[in-house]
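The model shown is predicted, which means the values in this text are computed figures rather than measured ones.
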Amino acid sequence: MRSATGRSWPVTLSRQYHSYDHPSPPPVFNAAESAILSEAYAHVPEHGFTHRALSLGARAAGYPDISASVIPEGVFSLIKYHLVTAREGLAPRKTQVLGGPEQSRLVPVAEKVELLTWERLLANRTINHRWQEALAIMAQPSHVPGSLHELALLVDEIYHLSGDTSVDPSWYTKRGSLSLVYTSSELFMTNDHSPGYEETRSFLQRRLNESDSLGWALGSVRQWVGFTASAGVNVLRSKGVRI
């Protein structure tokens, strides 16, 4: 199966919530959906997260083009496919990112969080030029709950893989802060043209260092909401919808 970074990882799309005391839920997508979305994802760099990509994916998977219309949430399912495969792709790469068990134990949790968050951001490389379009779709009211749910799963996965076992009130504050850091870094990356996205890496590191600041957190929320709202309006206007 193709991963969000184009690597061939053994991803099953079955582990939707990775925690110490929660059982694995059923698969996110059924077999037909996975086949269509996997093929459609290969067309995202050229066609974006669109019905055109879904139709091409259905055809490549051996289904009639009309099969794309049975994907439950349309193009949002294609975005979710990216989010799920990128998140689930972190676990197989844990050793490569953090080192073996002995080496990883010597690395502070905060540093492991930064390394894993950066690894997840790099999963956007092949579709980064299309991600503002995806953000506009994710900001539509009907898709906001699903988008926030996937974000919560991502930050929980990062802390789990980092070895954080805290169960005190900091469990919530750390995940809330990382959610804001990740979304602002992801947004920054869509306009980053530096080699290897080095400016995004610096941005991420600065924001993680500042993430204990409530003022910064509130500013990040306003920035993200403002961007996604304006992006959604621009996309609708580009399609001839009167606002």
ask   = Quick one: are S38 and Y81 in side-chain contact, heavy atoms under 4.5 Å?
value = yes

query = With no hydrogens and no angle check, is any side-chain donor or acceptor of S177 less than 3.5 Å from a backbone partner on K174?
reply = no

request  = Mind running salt bridge (Lys or Arg N to Asp or Glu O under 4.0 Å) on E133 and R130 for me, showing each step along the way?
outcome  = CA-CA 6 Å; E133 303 166 12; R130 296 291 188 178; 3.1 Å; yes

Closest non-hydrogen atom pair between A58 and I36, with its separation = N-CG2, 3.8 Å

query = Less than 4.0 Å between a side-chain N and a carboxylate O, is that true for E210 and R207?
reply = yes

query = E114 versus L204: any side-chain heavy-atom pair under 4.5 Å?
reply = yes

ask   = CD1 of I79 to OG of S147: how many Å apart, nearest 0.5 Å?
value = 7.0 Å

request  = Decide whether V75 and V70 are clustered together by the hydrophobic rule: side chain heavy atoms of Ile, Leu, Val, Met, Phe, Trp, Tyr closer than 4.5 Å, transitively.
outcome  = no

ask   = Roughly how far apart are K112 NZ and L115 CG, rounded to 0.5 Å?
value = 10.0 Å

ask   = Are L178 and T117 close enough, and set up right, to give a side-chain contact (heavy atoms from CB on, under 4.5 Å), and what steps lead you there?
value = CA-CA 9 Å; L178 182 58; T117 303; 3.7 Å; yes

ask   = Could you go step by step and tell me if H193 and E199 meet the side-chain contact (heavy atoms from CB on, under 4.5 Å) rule?
value = CA-CA 8 Å; H193 302 289; E199 291 183 7; over 6 Å; no

remark   = Checking T85, V84, L83 against R87 for side-chain contact (heavy atoms from CB on, under 4.5 Å), the one that qualifies is V84

inquiry  = Would you say Y182 ends up clustered with L90 if hydrophobic residues are merged whenever their side chains have heavy atoms under 4.5 Å apart, either directly or through other cluster members?
reply    = yes

inquiry  = Run V144 and M138 through side-chain contact (heavy atoms from CB on, under 4.5 Å) and show every step you take.
reply    = CA-CA 6 Å; V144 167; M138 293 164 69; over 6 Å; no

message = Quick check: closest heavy atoms across G146 and F76, and the distance to 0.1 Å?
response = C-CZ, 4.1 Å

inquiry  = For the OG atom of S179 and the CG atom of L154, what is their distance to the nearest 0.5 Å?
reply    = 8.0 Å

task = Indicate, with yes or no, if the rings of W171 and Y159 have centres closer together than 6.0 Å.
result = no

inquiry  = I'd like to check F203 versus S184 (side-chain heavy atoms, cut-off strictly below 4.5 Å). Are they in contact?
reply    = yes

inquiry  = Once salt bridge (charged side-chain N to carboxylate O under 4.0 Å, His left out) is applied, do any residues pair with K80, and if so which ones, sequence neighbours excluded?
reply    = E73

query = L56, V44: one ILVMFWY side-chain cluster at the under-4.5 Å cut-off?
reply = no

key: Contact summary for L78 and A40, nearest pair of heavy atoms   = CD1-CB, 4.0 Å

key: T190 side, atom OG1; N128 side, atom CG - distance, nearest 0.5 Å   = 6.5 Å

query = At what distance, to the nearest 0.5 angstrom, does CZ of R59 lie from CG of L54?
reply = 12.5 Å

key: Side chain proximity check, Q103 to L98, heavy atoms < 4.5 angstrom   = no

ask   = Taking the side chain as C-beta and beyond, is there a heavy-atom pair between Y197 and F188 under 4.5 Å?
value = no

key: Heavy-atom side-chain contact between L116 and E157 under 4.5 Å   = no

ask   = If we only count heavy atoms from C-beta on, is the H43 to F49 side-chain gap below 4.5 Å?
value = no

ask   = Rounded to the nearest 0.5 Å, how far does CG of L121 lie from OG of S185?
value = 5.5 Å

Geometric class of the H82/Y41 ring pair [parallel <30°, tilted 30-60°, perpendicular >60°] = parallel

request  = Verify side-chain contact (heavy atoms from CB on, under 4.5 Å) between D164 and R175, making sure each step is shown before the conclusion.
outcome  = CA-CA 11 Å; D164 180 63; R175 282 159 177 75; 3.9 Å; yes

request  = Give a yes or no on whether V107 and L161 share a hydrophobic cluster (residues Ile, Leu, Val, Met, Phe, Trp, Tyr; joining criterion: side-chain heavy atoms under 4.5 Å apart).
outcome  = no

task = Grab the two heavy atoms, one from P92 and one from G89, that are nearest each other, plus how far apart they are.
result = CD-O, 3.3 Å

key: Expected output: side-chain E33 to main-chain N30 donor-acceptor under 3.5 Å   = yes

request  = Can you see which heavy atom on S34 is nearest to which on F29, and at what distance?
outcome  = OG-CB, 3.4 Å

inquiry  = Minimum heavy-atom separation for A123 and A86, please, with both atom names.
reply    = CB-CB, 3.9 Å

query = Under a 4.5 Å side-chain heavy-atom rule over Ile, Leu, Val, Met, Phe, Trp and Tyr, are M189 and V113 clustered together?
reply = yes

